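What follows is a single structure, written as structure tokens, with notes after it.
Just so it is clear, the structure is predicted and the values come from calculations on it, not from any experiment. What's counted below: heavy atoms across the whole structure, side chains too, no hydrogens, waters or symmetry copies.
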Amino acid sequence: MGKPDLELTESDMRHLAEMSAMVLSMFGQMQADMDDPKVQAWHKLCVSILKSAHQLPTIARHMELNPDCGYWFFKRSYVDTAFYSDILEDYRDATFWAELVSRMAEQSLVENLGDERASLLSDEERAARVSSLEKALWNEVNTHGLDRLLFMLPPEES
């Protein structure tokens, strides 16, 4: 089978290059296991796409050979206003709040029942109770953010 042929407009190529930059940025932030063959394959493909995008003058002017990573990447001034940066920021925010609420709900359950009683709950019962707590916490953070949340430290840590 021959190589597939893909025709892209300059706009499509810019979008594809930004998607590749987003994936590479995510790999960097999550400190992806670069020994994983799937990560290596995606990394290689993304770098190839960015290299191809650099061949187009309208995209190339926004790129530079990044000395930290050794391949063509968008300049900081472009990244700061790029659509993919907005997506990454929204994703980070959503992940932060989801993780915070989930962990707080789990912690509240254990604090209210105690470790021993909480460990005796069935998976279904635990999930139902945590879900109920998560709904209440989501309502609180959506309405008031962190303003009314109280974090208490044990006396020996304060």
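- Listed by chain and residue number, nothing satisfies the side-chain hydrogen bond (donor to acceptor under 3.5 Å, both in side chains) test with Gln55 (two or more places apart in sequence, or in another chain).
- Partners of Arg92 by side-chain hydrogen bond (donor to acceptor under 3.5 Å, both in side chains), not counting sequence neighbours, listed by chain and number: Gln29, Glu89.
- A donor-acceptor contact shorter than 3.5 Å links the side chain of Ser119 to the backbone of Asp115.
- Gln40 places a side-chain N or O within 3.5 Å of a backbone atom of Met34 that can act as its donor or acceptor partner.
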Run the side-chain contact (heavy atoms from CB on, under 4.5 Å) test on Phe73 and Ser25 for me, step by step, so that the C-alpha distance in whole Å, both residues' side-chain angles and the decisive distance to 0.1 Å come before the verdict.
CA-CA 10 Å; Phe73 201 82; Ser25 296; 3.7 Å; yes
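- Counting side-chain heavy-atom gaps under 4.5 Å among Ile, Leu, Val, Met, Phe, Trp and Tyr, Val110 is found in no cluster with other residues.
- Listed by chain and number, the residues in a salt bridge (Lys or Arg N to Asp or Glu O under 4.0 Å) with Glu10 amount to none (sequence neighbours excluded).
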Indicate every side-chain donor-acceptor pair of residues 126-133 with a distance under 3.5 Å to a residue at least two apart or in another chain.
{"unit_1": "Arg126", "atom_1": "NE", "unit_2": "Glu106", "atom_2": "OE2", "d": "2.9"}
{"unit_1": "Arg126", "atom_1": "NH1", "unit_2": "Ala118", "atom_2": "O", "d": "2.7"}
{"unit_1": "Arg126", "atom_1": "NH2", "unit_2": "Glu106", "atom_2": "OE2", "d": "2.3"}
{"unit_1": "Arg129", "atom_1": "NE", "unit_2": "Glu125", "atom_2": "OE2", "d": "3.1"}
{"unit_1": "Arg129", "atom_1": "NH2", "unit_2": "Glu125", "atom_2": "OE2", "d": "3.2"}

I'd like to know whether Met22 forms a side-chain contact (heavy atoms from CB on, under 4.5 Å) with Glu18, so could you lay out the CA-CA distance, the side-chain angles of the two residues, the decisive distance to 0.1 Å, and finally the verdict.
CA-CA 6 Å; Met22 182 171 68; Glu18 283 196 23; over 6 Å; no
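- Applying the ring-ring contact (aromatic ring centres under 6.0 Å, His included) rule to pairs touching residues 24-67 yields His43-Tyr71, His54-Trp72, His62-Tyr78, sequence neighbours excluded.
- Taking the side chain to side chain contact (heavy atoms under 4.5 Å, CB included) definition, one finds that Asp86 meets it with nothing, sequence neighbours left out.
- Legend: residues meeting side chain to side chain contact (heavy atoms under 4.5 Å, CB included) with Leu120, ordered by chain and number and at least two apart, are absent.
- Leu109 and Val141 fall into different hydrophobic clusters, where Ile, Leu, Val, Met, Phe, Trp and Tyr are joined by side-chain heavy atoms under 4.5 Å apart, directly or via other members.
- Partners of Glu99 under the side-chain hydrogen bond (donor to acceptor under 3.5 Å, both in side chains) rule, at least two apart in sequence or in another chain, are Arg103.
- Shown here are the side chain to side chain contact (heavy atoms under 4.5 Å, CB included) partners of Asn112, two or more places apart in sequence or in another chain: Ser108.
- Residues satisfying the side-chain hydrogen bond (donor to acceptor under 3.5 Å, both in side chains) test with Asp80, not counting sequence neighbours, are Arg76.
- One N or O on the side chain of Ser85 and one on the backbone of Val79 form a donor-acceptor pair closer than 3.5 Å.
- Applying the ring-ring contact (aromatic ring centres under 6.0 Å, His included) definition to pairs two or more places apart or across chains, none involves residues 89-118.
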